[in-house]
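Notes to accompany the following structure.
Atom set for the values below is all heavy atoms of this structure, side chains included, hydrogens, waters and symmetry mates excluded. Proteins come first, then strands; the chains are lettered A, B, ... in the order of their sequence lines, and each starts at number 1. Computed from a prediction, not measured in an experiment: that's the story for all the values here.
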Number of protein chains: 2
Amino acid sequence: MTEAGASPKERDPQAVSRFVELFAGQLADAGMARMPARVFAALLASDDGVLTSAELGDQLRISPAAVSGAVRYLSQTHLISREREPGSRRERYRVHNNQWYEAIANREAMLRHWQSALREGVTAVSPGSPAEERLRETLEFFEFIEVELTEMMRRWREKRGPAGGLR
Amino acid sequence: MTEAGASPKERDPQAVSRFVELFAGQLADAGMARMPARVFAALLASDDGVLTSAELGDQLRISPAAVSGAVRYLSQTHLISREREPGSRRERYRVHNNQWYEAIANREAMLRHWQSALREGVTAVSPGSPAEERLRETLEFFEFIEVELTEMMRRWREKRGPAGGLR
DNA sequence: CCTTAACTTCACAAGTTTCTGAAAGAAGCG
DNA sequence: CGCTTCTTTCAGAAACTTGTGAAGTTAAGG
């Protein structure tokens with residue numbers, strides 16, 4: 001009854017691994033570096049959203065060094081947090097159930113950079129030219145996006161839990 | 001009076017080039033390949049939004065081969081269109097004033113891929129587990145985003161011109 | 001139809017990124 | 001305190017990416 005078959009009652013490690021690699025590949029296509037993407041996907045699919053360094057290295061068949069690099073990146077960008085297993089020297093890494101997509105959706109820093117580059121562009125072209133109008137309009141678009149994204153995330157939070165953000 | 005100085009009355013090629021490289025760098029950080037990003041930025045900052053292959057190679061100091069590769073990518077993704085200069089064998093490339101940001105904002109294909117990966121993930125983990133809930137919620141988030149993005153772009157079009165989309 | 005200008009394709013060299021093994025660095029536990 | 005277990009850092013090998021030159025293809029214009 002533990003064999004492969006339709007509608008498994010239990011976690012299917014092979015299928016999970018397939019998902020992890022597939023989803024990680026898509027994160028990578030979207031610009032995330034390969035190892036961080038794999039580690040993040042593995043955590044997403046883990047039972048409790050928590051894995052140790054050793055478990056990660058094991059599942060993904062990567063060296064401790066690779067795990068180290070990946071989790072450093074992920075915790076710097078607040079996609080995961082590290083915690084120490086009490087009474088052990090093992091580190092555990094956890095996905096934030098209710099915050100990680102905000103981190104993804106929130107490209108505020110990026111938008112600001114784009115905006116500032118565009119302001120520079122506006123001053124470089126001839127006043128009154130089509131180029132100037134084009135750049136101004138693009139700038140307005142990014143300002144629009146910035147406001148919209150903020151509101152969108154507010155709506156998501158509301159929809160999720162009128163109770164509040166933490167779970 | 002055509003020298004460098006404060007508030008130039010005319011287009012300042014050096015400043016434009018600085019903008020092009022800066023903005024292209026940011027597009028590259030966001031995941032666009034280097035050459036397409038530079039070509040696209042150059043078109044954005046060009047006076048009429050139109051440049052020939054030769055002009056592009058000239059301004060960016062890249063080979064015809066590099067131009068060719070970049071414009072192929074850009075026109076495949078509908079960020080620019082190619083047109084033939086009538087009575088000449090030169091090709092011209094043009095940014096779409098009112099559509100290119102839609103192309104950027106419209107990550108529908110990407111969202112669909114993420115969603116389908118997540119659906120696969122949901123079936124791989126144990127039913128009723130926290131993992132299942134986590135993946136389901138993530139899936140819902142992306143479904144939410146998809147709807148929101150569509151509405152956001154509709155609002156942008158409205159705001160731009162009640163007149164209509166073409167200019 | 002031949003010439004020639006323009007664009008495209010392709011193989012490869014140069015440059016960059018990525019992951020590993022090895023060694024060094026922390027920190028629990030006796 | 002020192003032993004042991006885990007994590008981090010770092011230099012370098014391997015893999016991948018990128019842009020070029022050169023050859024090939026297309027089509028305008030004589």
Side-chain angles (χ1 to χ4, degrees), chain A residues 17 20-21 23-43 46 50-77 79-95, chain B residues 17 20-21 23-43 46 50-77 79-95:
Chain A
S17 164
V20 166
E21 297 304 332
F23 195 66
Q26 285 166 13
L27 289 171
D29 287 349
M32 187 184 292
R34 209 180 153 56
M35 282 293 133
R38 296 179 70 207
V39 166
F40 184 70
L43 277 166
S46 70
V50 177
L51 291 173
T52 65
S53 204
E55 288 166 332
L56 284 167
D58 219 51
Q59 277 189 33
L60 302 174
R61 307 298 221 80
I62 57 181
S63 69
V67 174
S68 175
V71 297
R72 178 172 27 153
Y73 170 84
L74 290 170
S75 69
Q76 271 172 6
T77 53
L79 286 174
I80 67 173
S81 55
R82 345 150 73 76
E83 24 185 87
R84 184 52 73 96
E85 226 168 50
S88 154
R89 63 209 82 168
R90 295 194 158 178
E91 206 96 54
R92 307 194 308 174
Y93 307 99
R94 151 169 278 137
V95 285
Chain B
S17 164
V20 167
E21 296 305 331
F23 196 66
Q26 285 167 12
L27 290 171
D29 287 348
M32 188 183 292
R34 214 181 151 57
M35 282 294 132
R38 296 179 70 206
V39 167
F40 184 71
L43 278 166
S46 70
V50 177
L51 291 173
T52 65
S53 206
E55 287 167 330
L56 283 168
D58 219 51
Q59 277 187 32
L60 301 175
R61 307 300 220 80
I62 57 181
S63 69
V67 174
S68 174
V71 298
R72 178 171 28 148
Y73 171 83
L74 290 170
S75 69
Q76 270 172 5
T77 54
L79 286 173
I80 67 174
S81 55
R82 344 153 70 85
E83 23 185 87
R84 185 52 72 95
E85 225 167 54
S88 155
R89 62 206 86 169
R90 296 197 157 179
E91 216 69 78
R92 306 195 308 176
Y93 306 99
R94 151 169 278 139
V95 285

Mind checking side chain to side chain donor-acceptor pair (under 3.5 Å) for B/S63 and listing every partner two or more places apart, or none if nothing turns up?
none
Only counting residues at least two apart or in another chain, list the ones meeting ring pair (Phe, Tyr, Trp, His ring centres under 6.0 Å) with A/Y93.
none
Of B/E91 and A/P36, the one whose nearest nucleotide on DNA chain C sits closer to the 5' end is B/E91
Among residues 65-76 of chain A, which residues get a heavy atom nearer than 4.0 Å to DNA chain C?
A/A65, A/A66
Does C/dT18 have OP1 or OP2 under 4.0 Å away from a side-chain N or O of A/R34?
no
Anything under 4.0 Å to a heavy atom of chain A counts; send over the first and last such nucleotide of DNA chain D, read 5' to 3'.
D/dT4 to D/dT9
Salt bridge (Lys or Arg N to Asp or Glu O under 4.0 Å) partners of A/R89, counting only residues at least two apart
none
Under the salt bridge (Lys or Arg N to Asp or Glu O under 4.0 Å) test, which residues partner B/R94, sequence neighbours left out?
B/E83
When rounded to whole Å, the CE to P distance for the pair B/M35 and C/dT8 reads 16 Å
Could you list, one pair per line, each protein nitrogen or oxygen that sits under 3.5 Å from a nitrogen or oxygen of nucleotides 23-30 of chain C, together with the distance?
unit_1 : atom_1 : unit_2 : atom_2 : d
C/dC29 : OP1    : A/G87  : O      : 2.8

Nearest heavy-atom neighbours spanning A/S68 and A/V71
O-CG2, 3.3 Å
Please name all residues satisfying salt bridge (Lys or Arg N to Asp or Glu O under 4.0 Å) with B/E21, sequence neighbours left out, ordered by chain then number.
B/R38
Between B/R82 and C/dT8, is there a side-chain N or O to OP1/OP2 distance below 4.0 Å?
yes
For A/E91, the salt bridge (Lys or Arg N to Asp or Glu O under 4.0 Å) test, sequence neighbours excluded, returns A/R84
In the structure I gave you, are the side-chain heavy atoms of A/T77 and A/M32 within less than 4.5 Å of one another anywhere?
no
Residues in side chain to side chain contact (heavy atoms under 4.5 Å, CB included) with B/R61, at least two apart?
none
With a cut-off of less than 4.0 Å, is there a side-chain N or O of B/S53 near OP1 or OP2 of C/dA6?
no
B/R38 or A/R92, whichever maps to the more 5' nucleotide of DNA chain D:
A/R92
Go through the structure and list residues passing side chain to side chain contact (heavy atoms under 4.5 Å, CB included) with A/A30, not counting sequence neighbours.
B/M110, B/W114
Testing the basics here: between A/L27 and A/A37, what is the closest heavy-atom pair and its distance to 0.1 Å?
CB-CB, 3.9 Å
How about A/L51 and A/V39: do any of their side-chain heavy atoms sit closer than 4.5 Å?
no
Short of 4.0 Å, heavy atom to strand atom, which residues of residues 54-63 of chain A count as contacting DNA chain C?
A/R61, A/I62, A/S63
Hey, does A/L60 have a side-chain heavy atom less than 4.5 Å from the side chain of A/V20?
yes
From CG of B/D29 over to P of C/dT16, roughly how many Å is that when rounded to an integer?
15 Å
